[in-house]
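In what follows, every chain begins at residue 1, and chains take the letters A, B, ... in the order their sequences are listed.
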Amino acid sequence: MTRWIKQVGWRHLVGLLGLGFALGPLLFVFSAAINPQGTLSSSTLIPTGASAENFVKLFRDTNFAYWFLNSVMIAGVAAAASVFLSALAAYAFSRRRFKGRRIGLMSLLLIQMFPQFLAVVAIFLMFSTITDLWPAFGFNTWWGMILLYLGGALGVNTWLMKGFYDTIPKELDESAVVDGASHPQIFFKILLPLVAPILAVTGLLAFIGTINEFLIANVFLTDSESKTLAVGLYGLVAGERDTNFGVFCAGTLLTAIPTVGVFMYLQRYIVEGLSAGAVKG
Amino acid sequence: MTTKLGGPARRALPVTEPAPSEPRPQQKNTGLAGQFAKVLLLGLSVAIAIWAAFPLIAEEHWIGLAVLVAATAALLYIYLSPRHIPAKYLFPGTLFLVIFQLFPVLYTASTAFTNFGDGHRGSKEDAIVAIQTSSVTRVPGSTEYALSIATEGDPATGPIVFLITDPATKAVSIGDAGGLTPAGAVTVTSSGKVTAAEGYTVLNAGQASVRSQEITDFTVPTAGGAIRSAGLSRAYEGKAGRAYDAATDSITDTTSGKTWKADESLGSFVAADGERLVQGWKVGVGLDNFTRVLTNDSISGPFLKTLIWNFAFAIGSTGFTFILGLFIALALHSAKVRGRNFYRILLVLPYAMPAFAMLLVWRDMFNTDFGLINNLFGTDVDWFGGTASARIAVILVQLWLGYPYMFLVSTGALQAIPGELLDATKVDGAGVWQSFKSVTLPLLMIPLTPLLISSFAFNFNNFNAIWLTTEGAPFPADNTTNGATDLLITYTYRLAFGGSGAQYGFAAAISIFIFLIVAVVSTISFRRTRQLEEVYS
């Protein structure tokens, strides 16, 4: 028995403590969401009662359904498109040798290090003009948000993908060239399927990052119906911290569904891709 | 968009396994489907460009049109010519990068050399007009006009114009920011109220009262002053109390006789006693904003303190999450532990949860009066009220948000270390700690160092972590712009958009400092990583 504790038991103990730390706040969110009183002061760690009151309020009194749809659409399209753009660029950086390749790679990293949000003023002025000219791509629209987020498509992710392409033997491309394949064929039919795990991981991270983005969205989306979850939910507890807490937690739980869902769905790739992208040695 | 993951993992990826499945390359020819897709996509792009060109032409936006034409021409050239293969892959991403990131960033950086901010937004002419119109006061006995509010666009959002009827002649003029112009065909009632005007939509009382604030602020400049509204149906012409004199380049107050002389280096009108008018204009100030950070004691002192805490926060957040994540990963890294998948799925949950929402939940858990933490432990701590407790709280929140990620990547890295290596150290008689220190850890650090560096860079500028929890609190009594948990980035944000008047120029200068710091730290660390790899590989 002591042998078991020394060899295996303590590992479970650490695991359980880790779980306690991880799940404690989540349990609190859950309890607060089903707390019939719905205030912060009456919320406890262990649920004291159960009701769907907060969820009903969420859908009845706020535009939560719109926020949810907006977030999923914007984050989904932006993540998918930015992964694709990044995959294209990473191919050029990994497989092609051209003038400015090193400088290009370095500047991708450097641009990302500038505190982006300050550019909000410039971006705001720019989109004021865009709203006048092409209202479909201006403030309070999906497309405006998506285009803006695509500006960050090339960046750290491009480096990560390039690293992954580098692990795929060049002989593969070369033999394909001998067989008469063109470069788009090599890219789409040979390399892309092989980097699927890293595509899944970067796509997921981009998705989570976009859903979480608050600063720029807060400036851009002012119509209640066009807000994203981050902006909308923040508005719920910005003023009335105590009274809206239950409704806010209900919203948080529902917000978690797409991210946790995608996470679980891609679980297989994540462990494979994240650790492979990071190590595989 | 921000991601925690990143960093070049290129060298850490030795070419070992052959690809699992090698699709057989097809025969020569790019294939009909490929050609078709290419033509379709190019056609679509050109169609979008043409669609986008119409509003540009209509608004006579010639620079915008030139950029659009150039971009479209570049697109067609790159994809139709068989050469420049890398460009074909780089063009789409780079286009977005240049328009939505590079351009705004460069524009912002350039404002660091100006005094751009509240009171210094536009040109000198704008400032003079603003000073004159804001000093307009009603002269007793001046004519009162009948006023109708109209717009050229949507009644709720379109730009406002005043329809002004002269009480004696019943002539109607249209007044906008440019001045008065005679109106076209109009229908006027006997009281002087305009009910219809050609080319304009006249607002009814309800529509007008919704926009009453805008109407109150609206002024129509005239030769001697300006026309302003008095309520929603009357307007008067007032006299400007302050006038600009081009000969002396100064503003004079007509009643008190005080003068403010234009100072081109400050972008302000300054009186002899040093008083400045609120409305100034944008001028270049050279390196003033930068030297202000370094030499002005009331700024450089807090700046240095914030910088030190910023480093402590970034190192603390990255370090603690890494230690905890690695520890749990080590504990669960054993074939004897059952249910490892169960642990893994649940441990990752905090990472998969939406961070912005969980930050707000944590903020409320630390609430003094109703918060879970005080309730649970029966304490009464004002967490965000004290410097030390607030700092511990924000790092604890970061620990919770970040350790699942470190757990994931550590697990991956651990699995990649060959078991024989550890068995060999056991045979050699090394203890658990010794084999961890001299074999496992160095091998782990090779792939994980780049991730740690990018995690550091991310946390260094982790705006949400502070803004959504403490908002920088607690603040010292004598300085409300710089709190104890403020990072440079939240401090900058407050300067740029905060309540006490926006100082974009100054904020941009600080963000250039932030950029330099992060860039230098990252570059040095990446250099060192490369040395690490060369030592161990």
- Can you tell which part of B:Phe407 gets under 4.5 Å to a heavy atom of chain A, answering side chain, backbone, both or neither? neither

- Message: Tell me if the centroids of the rings in B:Tyr89 and A:His183 come within less than 6.0 Å of each other.
- Response: yes

- Checking B:Lys38 against chain A: side chain, backbone, both or neither under 4.5 Å from a heavy atom? neither

- Item | Contact origin within B:Phe460 toward chain A - heavy atom pairs under 4.5 Å | neither

- Query: What part of A:Leu17 gets closer than 4.5 Å to chain B, counting heavy atoms only: side chain, backbone, both or neither?
  - Reply: neither

- Does the pair A:Phe137 and A:Phe127 meet the rule for a ring pair (Phe, Tyr, Trp, His ring centres under 6.0 Å), with working shown? CA-CA 8 Å; A:Phe137 293 91; A:Phe127 267 83; 9.4 Å; no

- CZ of B:Phe513: more than 12 outside heavy atoms within 6.0 angstrom? yes

- Item | Choice from A:Thr259, A:Thr252, A:Val14, A:Asn212 maximising heavy atom contacts with chain B below 4.5 Å | A:Asn212

- Message: Strictly distance-based, threshold 3.5 Å: is any side-chain N or O of A:Trp134 a donor or acceptor partner for the main-chain N or O of B:Ala52?
- Response: yes

- Query: Is it the backbone or the side chain of B:His84 that comes under 4.5 Å from a heavy atom of chain A, or both, or neither?
  - Reply: neither

- Contact part of B:Ala58 toward chain A, heavy-atom cut-off under 4.5 Å: side chain, backbone, both or neither? neither

- Contacting moiety of B:Leu324, where chain A heavy atoms sit under 4.5 Å: side chain

- Using distance alone, with no hydrogens and no angle criterion, decide if B:Thr492 and B:Ser511 have a side-chain donor and acceptor under 3.5 Å apart. no

- Quick one: which of A:Ala256, A:Pro25, A:Ala89, A:Ser86 has the most heavy-atom pairs under 4.5 Å with chain B, could you say? A:Pro25

- Can you find a heavy atom in the side chain of A:Leu254 that is under 4.5 Å from one in the side chain of A:Ile257? yes

- Of all heavy-atom pairs linking A:Gly15 and B:Leu332, the shortest is CA-CD2, 4.2 Å

- Tell me, for B:Asp364 versus chain A, whether the close heavy atoms (under 4.5 Å) come from the side chain, the backbone, both or neither. both

- Which atoms of A:Val29 come close to chain B, meaning under 4.5 Å heavy atom to heavy atom: side chain ones, backbone ones, both, or neither? side chain

- Message: I'd like to know if the side chain of B:Gln101 reaches the main chain of B:Phe103, judged simply by a donor and an acceptor atom lying under 3.5 Å from each other, with no hydrogens or angles considered.
- Response: no

- Item | Winner by heavy-atom pair count (cut-off under 4.5 Å) against chain A, out of B:Ile99, B:Val518, B:Leu347 | B:Leu347

- Item | Heavy-atom contact with chain A under 4.5 Å, split by part of B:Leu376 | side chain

- Task: Find the one option among A:Tyr165, A:Phe188, A:Phe187 whose heavy-atom pairs under 4.5 Å with chain B are most numerous.
- Result: A:Phe187

- A:Thr228 vs A:Val231 side-chain heavy atoms within contact, under 4.5 Å: yes

- Message: Please classify the contact between A:Thr129 and chain B as side chain, backbone, both or neither, with a heavy-atom cut-off of under 4.5 Å.
- Response: side chain

- Task: Identify which part of A:Arg96 has an atom lying under 4.5 Å from any heavy atom of chain B, answering side chain, backbone, both or neither.
- Result: side chain

- Message: Please rank A:Trp10, A:Phe98, A:Phe214 by heavy-atom pairs under 4.5 Å with chain B and give me the top one.
- Response: A:Phe98

- Side chain, backbone, both or neither: which part of B:Arg363 has a non-hydrogen atom closer than 4.5 Å to chain A? both

- Task: Answer with side chain, backbone, both or neither: which region of B:Ile345 has an atom nearer than 4.5 Å to a non-hydrogen atom of chain A?
- Result: both

- Among B:Tyr107, B:Phe356, B:Phe91, single out the residue with the greatest number of heavy-atom pairs under 4.5 Å to chain A. B:Phe356

- B:Phe100 vs B:Phe96 aromatic rings, parallel, tilted or perpendicular, using cut-offs 30° and 60°? parallel

- Can you say whether B:Leu346 sits under 4.5 Å from chain A via the side chain, the backbone, both, or neither, judging by heavy atoms? both

- Message: Is B:Phe116 in contact with chain A via its backbone, its side chain, both, or neither, using a 4.5 Å heavy-atom distance?
- Response: side chain

- Message: Looking only at the aromatic ring of each residue, does the gap between the centers of A:Phe21 and B:Tyr403 stay below 6.0 angstrom?
- Response: yes

- Query: Would you say A:Arg11's side chain and B:Ile328's backbone share a donor-acceptor pair under 3.5 angstrom?
  - Reply: no

- Query: Is A:Ile190 close to A:Gln185 at the side-chain level, that is, under 4.5 Å between some pair of heavy atoms?
  - Reply: no

- Query: Would you find more than 12 non-hydrogen atoms of other residues, nucleotides or ligands less than 6.0 Å from B:Arg338 atom CZ?
  - Reply: no

- Looking at side-chain heavy atoms only, is the closest gap between A:Leu88 and B:Leu90 below 4.5 Å? no

- Task: Would you indicate whether the side-chain heavy atoms of A:Phe93 and A:Met161 approach each other to under 4.5 Å?
- Result: no

- Counting heavy-atom pairs under 4.5 Å with chain B, the top scorer among A:Asp132, A:Leu19, A:Thr255, A:Leu23 is A:Leu19

- Which bit of B:Thr94 comes within less than 4.5 Å of chain A, counting heavy atoms only: side chain, backbone, both or neither? both

- Query: When only pairs under 4.5 Å are counted, which of B:Pro354, B:Ser410, B:Pro404 shares the most heavy-atom pairs with chain A?
  - Reply: B:Pro354

- Between B:Ala87, B:Ala355, B:Gly64, which has the largest tally of heavy atom pairs under 4.5 Å with chain A? B:Ala355

- With only heavy atoms counted, which part of B:Tyr343 is less than 4.5 Å from chain A, the side chain, the backbone, both or neither? both

